[in-house]
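One structure is given below, encoded as C-alpha cells.
Throughout, a chain's letter reflects where its sequence line sits, starting with A, and its residues are numbered from 1. The structure displayed is predicted, hence computed values, not measured ones.
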Amino acid sequence: MALLEIKNLHARIGDTDILHGINLTINRGEVHAIMGPNGSGKSTLSYVLSGRNGYEITEGDILLDGESLLEMEADERARAGMFLAFQYPVELPGVGGMAFLRAAVNARLREQGEDEVDQLGFVKLVRAKANELGIKDDMLKRAVNVGFSGGEKKRYEILQMALLNPSIAILDETDSGLDIDALKIVSEGVNSQRGPEIGMVVITHYQRLLSHIVPDFVHILSAGKIVKTGDKSLALDVEENGYSDMMENANVA
Amino acid sequence: MSPDTITLSSVQNRAQERFAETGWPAKKAEAWKYTSLENLVSASLQPANDISGAVATPKEIAGPHCRLVFHGGQFRDDLSDALPAGVRLVMLGDDESALAAIDELGASDNLVSRLTVAKMTAGISLQVAQGALIDRPVMLQFVGGAPAASSHPVIHIDIGDGAHFAYAEHHETNNRLSAPFIVVRVGAGAKLDHVKLQLENAATHHLGLTCLSLGERADVNSMSLSLGGALSRLETHVRLEGEYGELGLSSIYLGKNDQHHDMTTRVAHEVANCNSRQIIRGVLDDNARGVFQGQVRVAPHAQKTDGQQMSRALLLSRDAEADAKPELEIFADDVVCSHGATVGELDETHLFYLQSRGIDEAEARAMLIDAFLVEAVAEIRHQGFAELFRPFLSGWQVPHKG
C-alpha cells in the first residue's frame, strides 16, 4: 500500500482557490521533491497536508496508510506519523524547549501504545541527537526557537523530526535562510533519517538543496497543479532554464 | 482618659460617620467605572459576629508557615499557630500607633477602608521586631462565613527597621462579602515578601484593600492571584516614603464563567531614587471580565524614579472582556517611567506549531497559557511562595473548545 496518496486535491483559502487537483503517490523509502515558483501553492500544500486550520478542501482526498486524513486535526495527523518541518519555525516565548520536546514525543508514544519516556533518559536522548546536528546544550534550555538564528531554527526542526520518528516528513523550504555550512549540516541530518520506512517530501524553490538531499522524483508545481514529473535531472533543468520555459512547455503539452 | 486619646471605638465611630455620609460609591464614580457593586448595595449584609458556627476546613496549603485563622470574620486564636520569635500579636485596640494609621487611612476617600473600619469584625496588629530575621512565613487564613454575611477583618502589620518578614494571605470564605483591610508599614532597610491567594467561594464578593508604606531602602516583593469569587477587587496602595525603596507589585487574574476580577493599584513615589515594577497578567474565558487600573504618581521632588508597569490580558473567548486604565502622573522631570497595556488572544500560529508536533489542542492551549503567565510568576522572589503559588495556576482547567 502506498504511504501517502494525494488524490485530485483541490483547496482554497477564503474565496481563493490555490490547489487545482494535485495527484501524487509516495511510497515508503522514497524522497519526492516538489519545486515551483513563488505562489505556485507549495506552502499551501504543506499546510493542507499537515492539517492547518483555515484551508478548505473542496475536492479530493489525502490518504496516509490508506486512511483519509481530512477529518483529522493537525495533532492527530502528527501522532499518526505526519511531520512538517516549517519554513518559518515559530518562536514560543515562555514555552521551555525540553518540556515542549517531551510533550511532543510522549504524545506520539502514547498514540503508539508505548510507555512515556522518563525525564533523565529523554534528556540524554535529546542531547545525543542534538549533538549530531550541532545544536548546543544552551539552545535546548531556551524557550522554543526564541533567540535562535535562522540556521539554528532549521536544525531544531530536524531535531524534532529525529525525535518524533515520523512515517512521512514534509520539509517546507528547509533551505531558505541557510548558509552553505548550515545547509550541509541540515541535509546530513535529513539524510541520516532516510530509510526504507520513511517517505519524504522536500519542498523547495531552488535546486541547491537537492544536490544535498538527492530526491528519487522531482515534481514541478505551477498554479496549484503538478505540471511535470521526472527524476533528479529535472531539478537541474529548472536550475538552468528557469521555471518559465517549463511552464510554457507544460501548457503547450 | 483625655478626649483625644485614640481608641478602637473612636476610630470605628469616625469610620461609621464617614460611611453614613458617603455610603457606597455612586454608579458614575470614576474609581468604580469598570466594577459595579450593585449586587452588593442591594443585598442586606450582616457583619459576621457569630463564632459558634461549625469550623470550616479550608484547603490545606502545605508549607512551613504558621497560620493565623480568621473564621467567619472573627480572629480565632484557638485555631491559630504560635508565632515565631520576633513577631508579636496584639489586639488592634491595644496598639495606638496602629489605630492612628488605620484612622488616617479610614479618612481617605476609599470605600473599603471606610466600610471595613466601620463594620470591623476583627482587628489585630502584628509587630515584627527591629532587625528580626523571620524565616517562617505567617499565613493569614480567611475561611468560613455565611452566604448573607460580610466579614471585615482589619490587620495592621508593622515591620521594624532592618527586619525580614514574609506573609501570605489565603482567602477562601463563604461570605457574601469579604472585605479585608490590611495596613503594612515596612521600616527602613526592612524586607517583605508577600503573596495573596484569592480563592473565594463562587458566590463571594471580595473587596480587599492593602496599604503599604515603605521606609528608606525598604524592599517589598508582592504577588497576588485572583482566582475565586463572583466579583473581586484587589486594591493595593503603596507609598514610597524613603529613598532607595524597591517595590515589586505583581498580579495574575484568571477568570471564567461570569467572574469579574479587578486589580487596582496606586503607587506613590514621594521621594527620589525609588524603583517600582508591576507585571500584571490576566487570562479570561467565557464571559469573564478583567480590569486593571494602575496609577503611578511621581511627586515633584521624586527624581531618579524608575516606575514600570506592564499589563497584558489574554482572552480565550469572544465574550470575555479586559479593560485597562494606566495612569501616570509625573511631576518630576528626571525619571524613567513606562506603562503598557495589551489585550490579545492565543496566537493561531503558536497553536498550530504545537499541534503539528502531536500535542492536542487542550494541552497546547494550556502550554501557551502557562507561557503567557511565566513572566509574572518569575517575579515571585520567595522560593517557598513561588511553590505555594504554582499549583493554583496549573490547576486552572482550560475547557476544550471544539
Interchain contact, [X] with chain B, by part (heavy-atom threshold 4.5 Å):
| X | answer |
| --- | --- |
| A:V144 | side chain |
| A:E91 | backbone |
| A:L164 | side chain |
| A:R52 | both |
| A:P166 | neither |

Flag if over 12 foreign heavy atoms under 6.0 Å of [atom1], [X]:
| X | atom1 | result |
| --- | --- | --- |
| B:K325 | NZ | yes |
| A:E56 | CD | yes |
| A:Q119 | CD | no |
| B:R381 | CZ | yes |
| A:R127 | CZ | no |
| A:E114 | CD | yes |
| A:D118 | CG | yes |

Could you grab the distance from atom [atom1] of [X] to atom [atom2] of [Y], nearest 0.5 Å is fine?
| X | Y | atom1 | atom2 | answer |
| --- | --- | --- | --- | --- |
| B:L354 | A:D75 | CG | CG | 10.0 Å |
| B:Q355 | A:N53 | CD | CG | 7.0 Å |
| A:L163 | B:R357 | CG | CZ | 11.0 Å |

Notebook entry, point to check: Quick one: of B:I359, B:L351, B:L373, B:D370, who has the most non-hydrogen atom pairs under 4.5 Å with chain A?
Noted result: B:I359
Between [X] and [Y], is any pair of side-chain heavy atoms under 4.5 Å apart?
| X | Y | answer |
| --- | --- | --- |
| A:L84 | B:F352 | yes |
| B:F372 | A:P93 | no |
| A:E76 | B:D360 | no |

Closest non-hydrogen atom pair between [X] and [Y], with its separation:
| X | Y | value |
| --- | --- | --- |
| B:S356 | A:A78 | O-CB, 3.2 Å |
| A:F100 | B:M367 | CA-CE, 3.9 Å |
| A:G94 | B:V374 | CA-CG1, 3.8 Å |

Notebook entry, point to check: Mind checking whether A:Y88 and B:Y353 have ring centres under 6.0 Å apart?
Noted result: no
